[in-house]
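Count residues from 1 along the sequence.
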Amino acid sequence: MAILQGWDIIDFTGINEKLAPHLIADSQAEDAMNVFSSIAGRLTKRPGQSKLNATQIGTGVLGLHGYYYGEGLTSRKLLAVFNNGNAYYWTGGKNPTFSQIKTGLSTKHPVLFATCVNYCVAMNGKDPPWKYDGETVSNLQNAPSTGRCPVLFHEQLFCIVDDDTVQWSDSFLPEVWEDAFVWTFDKGDGDKLTGLFLYGNTLLVSKSRSIFQLSGTDIDNFRSKKVESNFGVAGPRAGIVVDPCFYYINTHGIFRFDGLQSVNIIDPPDSRGLPGLPVTWSNVNKNYLHNAVAGYNKAYNCLWFHVPYNTSTINDLILVYDLKTGAWWKYDKINASCMIDFDDGTSVKTYTGSANSGYVIEQNVGFNDMGEAIKAYWLGKSFGADSPARLKKVKRVFVIDVKSLNDCVFNYRLDNKSKYTTPTSATDTNDVRKYQISSGICRYFQPKLTHEVVDKDFAVSGLRVMYKPKKEK
């Protein structure tokens with residue numbers, strides 16, 4: 001008589017599309033959405049989101065910036081530019097609202113900011129660059145009219161001025177621009193500059209197919225070196241530095257640059273044995289990657305790569321990369337055009353600007369998506385034991401919940417059938433649910449966990465599947 005055996009899942013280490021579902025590790029998922037594992041051995045639903053402004057402004061957000069210019073909470077301002085052509089700051093307080101500070105801006109072009117000594121500056125490549133000191137707005141005198149992607153580098157304000165050229169101001173003088181303070185990058189190569197990113201004591205200058213590193217402190221000792229010849233950054237917000245690496249989105253994947261080389265982390269070489277999401281990436285809408293956003297969610301130590309999926313023209317999928325474990329996850333229903341952290345004096349909050357509504361959205365809040373339930377699921381490995389040729393009879397499944405948190409729904413399917421079965425638990429004792437599996441003869445057994453309850457979280461710390469091996473046939 002065959003002995004009852006057990007298959008245990010005691011950890012959750014993300015999605016892996018690099019292998020067939022029956023070959024992935026026991027702890028990996030064939031697919032998942034809106035779940036995450038920030039603590040080893042615990043699967044939870046991603047945190048929720050909430051609208052900051054109660055009343056919609058325009059139909060999209062073109063830029064966000066946290067401006068800190070003095071002492072006290074009143075010297076911290078969250079700035080936002082909406083696609084109605086106006087810029088605002090968030091007042092906070094008892095009756096918070098967005099207070100208008102500038103009108104007449106482009107309703108289409110993304111706005112990026114940089115904080116200088118006495119004010120912050122804003123550029124979009126279309127309108128005259130402007131500055132804000134916390135009280136008044138005025139034009140940034142003498143700045144290039146086509147300037148975009150402003151960055152303060154060694155106290156000089158840098159910006160992109162055309163397809164191949166970067167220009168910068170005098171030190172500590174953002175309104176003094178000399179004709180000699182320009183640098184061209186592979187002029188005439190048919191490519192276009194896409195972004196500027198501070199990287200340690202250097203400045204990374206990206207095109208869509210290459211990356212340059214500018215080192216030095218001023219015109220007398222600046223040196224430029226091409227550090228990546230094959231892959232560039234898709235857009236002005238498609239790269240982010242989290243020391244010691246620069247992470248960026250390109251049409252060929254998501255890359256990590258460590259100062260020496262770029263590695264595609266979403267589809268790593270097979271020899272590395274690392275998980276990836278090549279199937280998902282193949283369905284990303286590459287025609288609109290210039291709008292992609294790379295952000296860092298500090299609360300969970302993970303990177304959020306916002307990209308357009310399938311036929312979408314806005315960012316409607318987040319590819320989540322756990323910096324501690326290297327695991328990949330996926331989120332949806334967070335349609336972001338930009339993403340920043342803002343320290344309001346009491347806590348650091350993560351905000352996204354909506355790509356398709358006039359709201360600034362606070363992330364990592366509660367367990368709902370602006371009042372709607374978060375639809376979450378985790379689809380595990382297709383378990384075939386030592387051999388898929390051998391039939392198995394699955395007898396029981398145990399789902400181990402985390403104490404005091406809500407239960408998810410357990411489903412399963414046999415032999416990769418399209419239909420899932422949702423059994424009723426026979427017992428639920430001490431946070432362990434036991435399920436009796438009827439007609440459980442199969443070659444493959446695949447568990448699935450789902451949760452779709454508004455304002456409720458869930459957490460699972462493991463599963464155990466009890467089965468008996470049968471004959472090969």
Side-chain angles (χ1 to χ4, degrees), residues 63-70 75-81 87 89 101-102 110-125 127-162 165-183 185 193-206 211-224 233 235-243 246 248 294-296 338-343:
L64 290 174
H65 184 63
Y67 179 43
Y68 314 95
Y69 57 97
S75 297
R76 301 166 182 258
K77 289 186 176 177
L78 175 65
L79 307 181
V81 179
Y89 77 88
I101 60 173
K102 184 171 177 59
V111 178
L112 277 74
F113 295 82
T115 296
C116 301
V117 175
N118 298 313
Y119 41 74
C120 69
V121 301
M123 298 181 178
N124 64 4
D127 302 306
W130 50 279
K131 62 183 181 179
Y132 175 64
D133 63 4
E135 296 293 335
T136 60
V137 169
S138 59
N139 285 344
L140 185 68
Q141 298 298 318
N142 304 312
S145 60
T146 58
R148 56 188 174 91
C149 303
V151 170
L152 192 67
F153 178 54
H154 291 299
E155 302 306 330
Q156 298 152 100
L157 183 62
F158 280 67
C159 66
I160 297 171
V161 295
D162 62 30
T165 309
V166 167
Q167 188 171 354
W168 65 92
S169 72
D170 277 10
S171 296
F172 297 98
L173 298 172
E175 292 185 296
V176 177
W177 298 72
E178 300 185 27
D179 293 341
F181 290 2
V182 297
W183 203 287
F185 297 86
L193 291 172
T194 56
L196 303 177
F197 307 90
L198 293 175
Y199 182 59
N201 291 320
T202 70
L203 181 68
L204 295 180
V205 181
S206 71
I211 300 175
F212 304 82
Q213 190 167 26
L214 187 69
S215 58
T217 57
D218 56 37
I219 187 66
D220 294 328
N221 59 21
F222 279 147
R223 297 291 183 270
S224 174
V233 185
R237 294 189 173 113
I240 188 169
V241 173
V242 180
D243 287 336
F246 173 58
Y248 62 96
Y296 176 50
C338 48
M339 178 177 176
I340 68 164
D341 280 346
F342 179 67
D343 186 349

Kindly give the heavy-atom pair with the smallest separation between [X] and [Y], and that separation in Å.
X      : Y      : answer
Pro174 : Ser169 : CA-OG, 3.7 Å
Met123 : Leu157 : CE-CD2, 4.2 Å
Val81  : Phe113 : CG2-CZ, 3.8 Å
Leu64  : Cys338 : CG-SG, 3.7 Å
Gly63  : Arg237 : CA-NH2, 3.4 Å
Leu140 : Glu175 : CD1-CG, 3.5 Å

Subject >> Close aromatic pair by centroid cut-off 6.0 Å: Phe212 and Trp183 >> reply: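 Not close enough - the centres of the two rings lie 6.0 Å or further apart.
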
Can you tell me how far apart [atom1] ([X]) and [atom2] ([Y]) are? Round to the nearest 0.5 Å.
X      : Y      : atom1 : atom2 : result
Arg76  : Tyr69  : CZ    : OH    : 11.0 Å
Ile211 : Phe246 : CD1   : CZ    : 5.5 Å
Leu79  : Tyr67  : CG    : OH    : 8.5 Å
Glu178 : Asp170 : CD    : CG    : 4.5 Å
Glu135 : Ile101 : CD    : CD1   : 11.0 Å
Cys149 : Asn124 : SG    : CG    : 10.5 Å

When the ring planes of [X] and [Y] are compared, do they come out parallel, tilted or perpendicular, using 30° and 60° as the limits?
X      : Y      : result
Tyr68  : Phe342 : parallel
Phe181 : Trp168 : parallel
Phe158 : Phe153 : perpendicular

With no hydrogens and no angle check, is any side-chain donor or acceptor of [X] less than 3.5 Å from a backbone partner on [Y]?
X      : Y      : answer
Asn139 : Gln141 : no
Gln156 : Thr217 : yes
Thr146 : Val161 : yes

**OP:** Start with the C-alpha distance between Thr202 and Ser215, add both sets of side-chain angles, then the distance that settles side chain to side chain donor-acceptor pair (under 3.5 Å), and finish with yes or no.
**Re:** CA-CA 5 Å; Thr202 70; Ser215 58; over 6 Å; no

What I'd like to find out is whether the side chain of [X] reaches to under 4.5 Å of the side chain of [Y], using heavy atoms alone.
X      : Y      : result
Leu78  : Ile340 : yes
Ser138 : Lys131 : yes
Leu196 : Ile160 : yes
Val176 : Asn142 : no
Thr115 : His65  : yes
Pro129 : Val121 : no

Original post:
Do Leu204 and Tyr248 pass the side-chain contact (heavy atoms from CB on, under 4.5 Å) test, and can you show the C-alpha distance, the side-chain angles, and the key distance before you say yes or no?
Top reply: CA-CA 11 Å; Leu204 295 180; Tyr248 62 96; over 6 Å; no

Original post:
side-chain contact (heavy atoms from CB on, under 4.5 Å) between His154 and Leu203: does it pass, once the steps are laid out?
Top reply: CA-CA 10 Å; His154 291 299; Leu203 181 68; over 6 Å; no

**OP:** Determine, stepwise, if the pair Tyr132 / Lys77 fulfils side chain to side chain donor-acceptor pair (under 3.5 Å).
**Re:** CA-CA 11 Å; Tyr132 175 64; Lys77 289 186 176 177; 3.0 Å; yes

Subject >> Asn221 atom CG, over 12 foreign heavy atoms within 6.0 Å >> reply: yes

Original post:
Out of Ile219, Val166, Thr165, which one pairs with Val182 under the side chain to side chain contact (heavy atoms under 4.5 Å, CB included) rule?
Top reply: Thr165

